[in-house]
Structure formats: structure tokens, C-alpha cells
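Take a look at the structure below.
Numbers here are sequence positions counted from 1. Just so it is clear, the values below take in all heavy atoms, side chains as well, and ignore hydrogens, waters and symmetry mates.
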Amino acid sequence: SGDRMLQAFVAVKLENVLNTGLRTDLHAGRMTLDFGNRRLIARNEFRNTTNSFVGGHWNLAQEGTWGVRSFLVKPLSDSFGVLTPVSDTLFWGIQYEDHREPWLQTDLYYFGINAAGSGSNNKTFGTYGFRLYRSPAPGQLDYENETAFQVGTAEGKNLFAYFVHADFGYSFALPWQPHLQVQY
């Protein structure tokens, strides 16, 4: 059997940094990551693939109000059952989360990746995105819009891609709390 351990890291957590009321976390080692609504970066859930990284992750937040998260990692590759760092690839990002207004919660993010290949095999991508949403709750309307743009170069070509998700819903104030939703 190979080394398939998804997480093994050292963590430091401070609940009240310099008496500011802010919480900070620092993780270093092998880890999985969840960002935003998990569309672009997500931990494994019911999959047969492995998404694990080696590096660092930092979080600074005023719990329930706002937070800033960043990471600098190397992806791990599954080679015949053994997870090994992809030596020529660096993945990084930063995300700002704002939960001050329950009717308008916000995520703003940037994710970058650089794979240094030989000659024209260099790949560099930057993903810029935002997410605006209101979480479902009984007896109220909810919504979510996430939009991301990706620019970069691969094999000597300039690339551009985008992603849009939109949904609107309503949760009924009934015993089972049924939820009606329209998605695009």
C-alpha cells in the first residue's frame, strides 16, 4: 500500500490576537482545502480522486463577520497509489469573506497557478472571482451568484475562460422545510 494520507499538518490557532478579538490560524504540511461554495477548491466528498496539497494556509477572521484566507501550496499527484508533490507547480490564492449583512454575503478571491515546464510548456493562470449570496432560511427568499474569470498562458497561447452560476430560491416554513430553487 502507498502513501495516500490526505492530511498531516501542524496548526497554530490564536483566538484573540493581540487582544483585538481576531482569530488567526496557520497550517503547515499536507492538507486539503475548501474555499467559498467549493466549486473551484474543495475537499474530497464521495469522489475517487484525491485533492491534497503540501504547503501553508493562513486565516485571519472576526468570527461570523469577516475573514481573510490565503494559501501557498504545491499540488500532490497520485502516482500508483503514492501522493507526491508536483515539483514544478505552485498554487496560491487569497479570499476575503464578508458576512456582516445576512441579505448580502460576499466572497472575493484570486487564485493563481504556475507550472514551469520546459520551453513553451509553461502554464500560468490567474482566476479572479466573486460570490454574492443569501443563505436559505425558512420563510425567506435566497440567492447566489458566483462569477469567475480566468486568464493565462499555456503552450505559448493566451487563454481566457469564465464561469457563471446563479440561483434563486425560497424555503417554505413547513415541518420538512421544502426548498424551491431555480438555477442557471
* Worked check of side chain to side chain contact (heavy atoms under 4.5 Å, CB included) between Thr153 and Asn122 -> CA-CA 8 Å; Thr153 59; Asn122 284 344; 5.9 Å; no

* Asked: Do other residues, nucleotides or ligands put more than 12 heavy atoms under 6.0 Å from Leu18 CG?
  -> no

* Test item: Gln7 and Met31 side chains (from C-beta on) under 4.5 Å apart, heavy atoms -> yes

* Take Tyr96 and Thr106 through the test side chain to side chain contact (heavy atoms under 4.5 Å, CB included) and record every step on the way to the result. => CA-CA 8 Å; Tyr96 171 74; Thr106 307; 5.6 Å; no

* To do: Determine, step by step, whether Phe35 and Asp107 satisfy the side chain to side chain contact (heavy atoms under 4.5 Å, CB included) criterion, reporting the C-alpha distance in whole Å, the side-chain angles of both residues, the deciding distance to 0.1 Å, and the verdict.
  => CA-CA 9 Å; Phe35 274 79; Asp107 293 341; over 6 Å; no

* At their closest point, which heavy atom of Leu40 faces which heavy atom of Thr127, and how far apart are they? -> CD1-CG2, 4.2 Å

* Asked: Counting distance only, does the side-chain N/O of Asn16 pair as donor-acceptor with the main-chain N or O of Gly21 below 3.5 Å?
  -> yes

* **Nearest atoms (heavy-atom pairs only) where Thr32 meets Arg43** => OG1-NE, 3.0 Å

* N/O donor-acceptor pair under 3.5 Å between Arg100 side chain and Trp66 backbone -> no

* Hey, are Asn145 and Tyr143 close enough side-chain-wise for a donor-acceptor pair under 3.5 Å? -> no

* Asked: Which atoms form the tightest heavy-atom contact between Gln95 and Glu97, and what is the distance?
  -> NE2-OE2, 3.1 Å

* **Exceeds 12 heavy-atom contacts within 6.0 angstrom, atom CZ of Phe160** => yes

* Structure fact -> In terms of heavy-atom contacts, Pro102 and Arg134 come closest through O-CG, 3.5 Å

* Taking all non-hydrogen atoms of both residues into account, name the closest pair between Ser171 and Pro136 and its distance. => OG-CB, 3.7 Å

* Name the one of Tyr109, Tyr162, Tyr110 that satisfies ring pair (Phe, Tyr, Trp, His ring centres under 6.0 Å) with Tyr128? -> Tyr110

* Pair Asp167-His165, side-chain donor/acceptor within less than 3.5 Å -> yes

* Asked: Would you say Phe125 and Leu159 make side-chain contact, with heavy atoms under 4.5 Å?
  -> yes

* Test item: Gln140 side-chain N/O and Ser135 main-chain N/O as donor-acceptor pair under 3.5 Å -> yes

* **Side-chain donor-acceptor pair present, Glu144, Asn37, cut-off under 3.5 Å** => yes

* Do you know the tightest heavy-atom contact between Ala42 and Asp34? -> CA-OD1, 3.3 Å

* **Any side-chain heavy-atom pair of Leu104 and Leu132 under 4.5 Å** => yes

* **Test item: Phe163 and Arg39 side chains (from C-beta on) under 4.5 Å apart, heavy atoms** => yes

* Aromatic contact, Phe71 with Phe53 (centres under 6.0 Å) -> no

* Asked: Taking atom CG of Asp142 and atom NE2 of His179, what is their separation to the nearest 0.5 Å?
  -> 3.5 Å

